[in-house]
**Student:** 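Have a look at this one before I ask anything.
Every value quoted in this text rests on a predicted model; they were computed, and no experiment measured them.
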Amino acid sequence: MKNLVFAIVGILLLLMFSCVESSNFDVPKENCNTDLKANINFVELDSLSTEEVSQIKDSLILEGYVISSDKAGNFFSTLFIQDKPSKPTYGLQLEVDMRQSHLIYPEGSKVLLKLKDLYMVNKEGNIRLGSAFSSFGNLSIGRLPNQKVFEHVLVACDGKVNVEPLLITISALDTLPLNILVQLDGLEVVDEELGEPFAVAAEETERHLQDCEENQTVLLNSGYADFQAEILPEGNGSITGILVRDGKNPQLIIRSLEDVDFINERCPEIITEFTSNQIFISELADPDNNSGARFLELYNSASEPLDLNKWTLRRYTNDGTEVSSTIDLSGLIIGAESTLVISPNAEEFHLVYGFAPDLGVSTNSPADSNGDDNFELVDAFGTIIDVFGVVGEDGSNTNHEFEDGRAVRNPNIIEGNPVYTFSEWTLLNDTGDAGTIKLPQNAPQDFTPGAKY
């Protein structure tokens, strides 16, 4: 008899569990809501919200669509809801003390939010709803208790819909509302992070994506996501995620690895590093009447603009054989048959010469020499393209002294020279030694910054 009882219980248990195929189920129709109707939209809610936490007192009903999912663990205790299933114009975050919320509010669910008694804040376009807690007398948005979630977030009986992400580019992310679902095509993980996991274990981790023009954005991953240890993909492709912001910086959060489709070949390498002997030092200035008007000028004799990415200027002070200061020229482009003027005192330079220098740097830099120092112009590969002076030799009383004066490249010179050659230069100073001209120079009248000759 006992064995028969056990057998019957076993059969009943087997039948009961065999009816449940998965924990991923839709909300039963009888639990959905047919009575509530929206009486406020996202635009109107936005107009009610402020940067101060406030409680909603009116019986307001907001309609929206769930776009987040905590199934993979990359979202925690937050529901992201946008105003429309396609081409969204508003989104919000609802803080909830609920795990496995995707079982009740799966992606694409149409929901009705009962806003009365919820707390709300809107900082820099980020609308957040939830409960409230006080810290040092200030109210902050907190998680809505589990049971309260069911009172305020009701699933509509329309069923799930297909939410279409808004197709956008990195450069346009700043123009979009927050907390909406977006898709970006033609992206890839930056070279420096290839081979890394999506996130460091137990740490929120920023990874960086870029397009083929090297515009970048941030992919934000949880260290508790089930894909945390997966290696970032090497290819190029599309990514779908929810747009959030850290300060002024846009970030994307994916719901699962299904949101990442990097199966194409990576962007062709953009080569901005190059060498050319058509860039050279064209003028050095140490005005006798104003040390604040010093400058260093480069000239590009080529018929096309040239990118100075990873190029540098080095200064060797007096007879020093070690580099005393450096200017990184990265980010600068020198125009075709044009100059690039560098000043250690941009404000004074502007006052004296009537226009701003192309680059303002610090005092004691290569642009701030008192006339007896030596210089090297170095390309992106470490090759010396042009020099002024002789490294290891103090310029005083030599053919490379321009103290209280000027060193200017002669008009016939059209390329750099890695060996100092006195015949390529005209030097004016306060001594006139070693074949130089004893004629101190005053700013602005004796100098020609911005013009090769």
**Student:** Can you tell me how far the CD1 atom of Ile170 sits from the CG atom of Leu187, to the nearest 0.5 Å?
**Tutor:**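 Answer for the CD1-CG pair, Ile170 versus Leu187, is 4.0 Å.
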
**Student:** Listed by chain and number, what are the ring-ring contact (aromatic ring centres under 6.0 Å, His included) partners of Phe355, not counting sequence neighbours?
**Tutor:**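 Once residues adjacent in sequence are excluded, the partners of Phe355 under the ring-ring contact (aromatic ring centres under 6.0 Å, His included) criterion are Phe349.
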
**Student:** What's the shortest heavy-atom distance between Val43 and Tyr90, and which atoms?
**Tutor:**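 So the minimum-distance heavy-atom pair works out to CG2-CE1, 3.4 Å.
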
**Student:** Using modelled atom types only, decide if a donor and an acceptor are shared between the side chain of Ser330 and the backbone of Asp328 within a distance under 3.5 Å.
**Tutor:**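 It does not hold such a pair.
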
**Student:** So which atom in Ser256 and which in Phe227 form the shortest heavy-atom distance, rounded to 0.1 Å?
**Tutor:**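 Distance-wise, the nearest heavy atoms are CA-CE2, 4.1 Å.
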
**Student:** Report yes or no: does Asn397 contribute a side-chain atom to a donor-acceptor pair with the main-chain N or O of Asp433 at less than 3.5 Å?
**Tutor:**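 Flag not set: sc Asn397 to bb Asp433 has no pair under 3.5 Å.
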
**Student:** Enumerate the salt bridge (Lys or Arg N to Asp or Glu O under 4.0 Å) contacts for residues 44-58, please, sequence neighbours excluded, ordered by first and then second residue.
**Tutor:**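 Found none.
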
**Student:** If you define the side chain from C-beta out and look only at heavy atoms, does anything of Trp311 sit under 4.5 Å from Leu377?
**Tutor:**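 Heavy-atom side-chain distance check passes, below 4.5 Å.
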
**Student:** Which residue pairs satisfy the salt bridge (Lys or Arg N to Asp or Glu O under 4.0 Å) criterion with at least one member in residues 225-237, sequence neighbours excluded?
**Tutor:**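 Matches after skipping sequence neighbours: none remain.
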
**Student:** Quickly, which of Val244, Leu243, Leu178 forms a side-chain contact (heavy atoms from CB on, under 4.5 Å) with Phe80? Name it, please.
**Tutor:**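 Considering Val244, Leu243, Leu178, a side-chain contact (heavy atoms from CB on, under 4.5 Å) with Phe80 is found only for Val244.
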
**Student:** Can you find a pair of side-chain heavy atoms, one from Gln82 and one from Leu181, that are under 4.5 Å apart?
**Tutor:**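 Yes. Closest side-chain heavy atoms under 4.5 Å.
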
**Student:** Test side-chain hydrogen bond (donor to acceptor under 3.5 Å, both in side chains) on Ser365 and Arg294; report intermediate values, then the result.
**Tutor:** CA-CA 11 Å; Ser365 68; Arg294 291 170 178 166; over 6 Å; no

**Student:** Checking Thr205 side chain against Val200 main chain: does a donor-acceptor pair fall under 3.5 Å?
**Tutor:**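 Yes; at least one donor-acceptor contact below 3.5 Å.
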
**Student:** Are the side chain of Asn374 and the backbone N or O of Val390 linked by a donor-acceptor pair below 3.5 Å?
**Tutor:**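 Looks like yes, one N/O pair under 3.5 Å.
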
**Student:** Compare all side-chain heavy atoms of Val387 with those of His400 and state whether any distance is below 4.5 angstrom.
**Tutor:**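 Val387 does not reach His400 side chain to side chain.
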
**Student:** Kindly say whether Ser396 contributes a backbone atom to a donor-acceptor pair with the side chain of Glu403 at under 3.5 angstrom?
**Tutor:**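 No; judged by distance alone, with no hydrogens or angles, the pair does not exist.
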
**Student:** Only one of Ile56, Ile81, Val111, Leu113 forms a side-chain contact (heavy atoms from CB on, under 4.5 Å) with Leu62, so which one is it?
**Tutor:**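 Going through Ile56, Ile81, Val111, Leu113 one by one, the side-chain contact (heavy atoms from CB on, under 4.5 Å) with Leu62 is satisfied by Leu113 alone.
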
**Student:** Should we say atom CD of Glu347 is surrounded by more than 12 heavy atoms from elsewhere, each under 6.0 Å from it?
**Tutor:**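 For Glu347, atom CD is not crowded (no more than 12 foreign heavy atoms under 6.0 Å).
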
**Student:** Using 0.5 Å steps for rounding, measure from the CG atom of Asn221 to the CD atom of Glu206.
**Tutor:**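 Answer rounded to 0.5 Å: 10.0 Å.
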
**Student:** The criterion is ring-ring contact (aromatic ring centres under 6.0 Å, His included); which residues satisfy it with Phe42, sequence neighbours excluded?
**Tutor:**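 Residues passing ring-ring contact (aromatic ring centres under 6.0 Å, His included) with Phe42: none at all.
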
**Student:** Please check this pair: side chain of Asp83 against backbone of Lys87, looking for a donor-acceptor N/O pair closer than 3.5 Å.
**Tutor:**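 Not confirmed, Asp83 side chain does not pair with Lys87 backbone.
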
**Student:** Evaluate side-chain hydrogen bond (donor to acceptor under 3.5 Å, both in side chains) for Asn162 paired with Glu164, printing each intermediate quantity in order.
**Tutor:** CA-CA 6 Å; Asn162 182 34; Glu164 298 178 11; 4.7 Å; no

**Student:** Applying the side-chain hydrogen bond (donor to acceptor under 3.5 Å, both in side chains) test to His208, which of Gln216, Glu192, Glu193 qualifies?
**Tutor:**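 With His208 as partner, Gln216, Glu192, Glu193 yield a single side-chain hydrogen bond (donor to acceptor under 3.5 Å, both in side chains), made by Glu193.
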
**Student:** How about Ser68 and Thr78: do any of their side-chain heavy atoms sit closer than 4.5 Å?
**Tutor:**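 Ser68 vs Thr78: side chains apart.
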
**Student:** Hey, are the side chains of Asp288 and Asp430 touching, using non-hydrogen atoms and a 4.5 Å cut-off?
**Tutor:**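 In short, these two side chains do not touch, never coming nearer than 4.5 Å.
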
**Student:** Which heavy atom in Asp185 sits nearest to a heavy atom in Ser238, and how many Å separate them?
**Tutor:**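 Reported closest heavy-atom pair: OD1-CB, 3.0 Å.
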
**Student:** Is there a donor-acceptor pair under 3.5 Å between the side chain of Ser325 and the backbone N or O of Asn364?
**Tutor:**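 Between the backbone of Asn364 and the side chain of Ser325 there is a qualifying donor-acceptor contact (under 3.5 Å).
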
**Student:** To the nearest 0.5 Å, what is the distance between CG (Asn146) and OG (Ser77)?
**Tutor:**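 Going from the CG atom of Asn146 to the OG atom of Ser77 covers 10.0 Å.
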
**Student:** Is there side-chain contact between Leu115 and Ile40, with at least one heavy-atom pair below 4.5 Å?
**Tutor:**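 Heavy-atom side-chain distance check passes, below 4.5 Å.
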
**Student:** What's the shortest heavy-atom distance between Asn179 and Ile127, and which atoms?
**Tutor:**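 Between these two residues, the closest heavy atoms are ND2-O, 3.9 Å.
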
**Student:** Of all heavy-atom pairs between Thr326 and Arg314, which one has the smallest distance, and what is that distance?
**Tutor:**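 Smallest interatomic distance, heavy atoms only, reads OG1-CG, 4.5 Å.
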
**Student:** Under 4.0 Å between a side-chain nitrogen and a carboxylate oxygen: does that hold for Asp368 and Arg315?
**Tutor:**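 Result for this pair is no, no salt bridge flagged.
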
**Student:** Please assess Asp70 against Ser101 for the test side-chain hydrogen bond (donor to acceptor under 3.5 Å, both in side chains), listing each intermediate value before the final yes or no.
**Tutor:** CA-CA 7 Å; Asp70 60 1; Ser101 62; 3.0 Å; yes

**Student:** Kindly compute the distance separating CD1 (Ile281) from CG (Leu313), expressed to the nearest 0.5 Å.
**Tutor:**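 With rounding to 0.5 Å, CD1 (Ile281) is 6.0 Å from CG (Leu313).
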
**Student:** Do Leu144 and Leu118 have side chains that get closer than 4.5 Å, going by heavy atoms?
**Tutor:**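 Sidechains of Leu118 and Leu144: in contact.
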
**Student:** Using the side-chain hydrogen bond (donor to acceptor under 3.5 Å, both in side chains) rule, take Ser222 and Glu204 through it: C-alpha gap first, then chi angles, then the decisive distance, then the call.
**Tutor:** CA-CA 5 Å; Ser222 169; Glu204 188 174 71; over 6 Å; no

**Student:** Which heavy-atom pair separates Ala367 from Ile342 by the least distance, and what is that distance?
**Tutor:**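 What the structure gives for the nearest pair is CB-O, 3.6 Å.
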
**Student:** With Leu92, which of Leu129, Asn122, Asn126, Leu79 fulfils side-chain contact (heavy atoms from CB on, under 4.5 Å)?
**Tutor:**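 Answer after filtering Leu129, Asn122, Asn126, Leu79: Leu129.
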
**Student:** Report all side-chain donor-acceptor pairs from residues 417-429 shorter than 3.5 Å, counting only partners two or more places apart or in another chain.
**Tutor:**
| residue | atom | partner | partner atom | Å |
| --- | --- | --- | --- | --- |
| Asn417 | OD1 | Val419 | N | 2.9 |
| Asn417 | ND2 | Val419 | O | 3.2 |
| Asn417 | ND2 | Thr421 | OG1 | 3.0 |
| Asn417 | ND2 | Glu424 | OE2 | 3.0 |
| Tyr420 | OH | Asn399 | O | 2.7 |
| Thr421 | OG1 | Val419 | O | 3.1 |
| Glu424 | OE1 | Arg409 | NE | 3.4 |
| Glu424 | OE1 | Arg409 | NH2 | 2.8 |
| Thr426 | OG1 | Asn410 | OD1 | 2.7 |
| Asn429 | OD1 | Thr431 | N | 3.0 |
| Asn429 | OD1 | Thr431 | OG1 | 3.4 |
| Asn429 | OD1 | Gly432 | N | 2.6 |
| Asn429 | ND2 | Glu401 | O | 2.9 |
| Asn429 | ND2 | Thr436 | OG1 | 3.0 |

**Student:** So does Leu139 get a backbone contact from the side chain of Tyr119, meaning a donor-acceptor N/O pair under 3.5 Å?
**Tutor:**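 No, the answer is negative, given that no donor and acceptor are paired below the 3.5 Å cut-off.
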
**Student:** Between CD1 of Ile385 and CG of Asp379, what distance do you get to the nearest 0.5 Å?
**Tutor:**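 Between atom CD1 of Ile385 and atom CG of Asp379 there are 4.0 Å.
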
**Student:** Under 4.5 Å between any side-chain heavy atoms of Gln278 and Tyr299, yes or no?
**Tutor:**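 Heavy-atom side-chain distance check fails, nothing below 4.5 Å.
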
**Student:** Is Gln441 reaching over with its side chain to a backbone N or O of Leu439, donor-acceptor style, under 3.5 angstrom?
**Tutor:**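 Judged by distance alone, yes, a pair lies under 3.5 Å.
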
**Student:** Under 3.5 Å, sequence neighbours excluded: what are the donor-acceptor pairs made by side chains of residues 257-265?
**Tutor:**
| residue | atom | partner | partner atom | Å |
| --- | --- | --- | --- | --- |
| Asp259 | OD1 | Arg255 | NH2 | 2.9 |
| Asp259 | OD2 | Arg255 | N | 2.8 |
| Asp259 | OD2 | Arg255 | NE | 3.0 |

**Student:** Nearest 0.5 angstrom please: Ser109 OG to Ile67 CD1, how far?
**Tutor:**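 That separation rounds to 12.5 Å.
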
**Student:** Using atom types as modelled and distance alone, determine if a side-chain donor or acceptor of Glu203 lies under 3.5 Å from a backbone N or O of Gly223.
**Tutor:**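 Judged by distance alone, no pair lies under 3.5 Å.
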
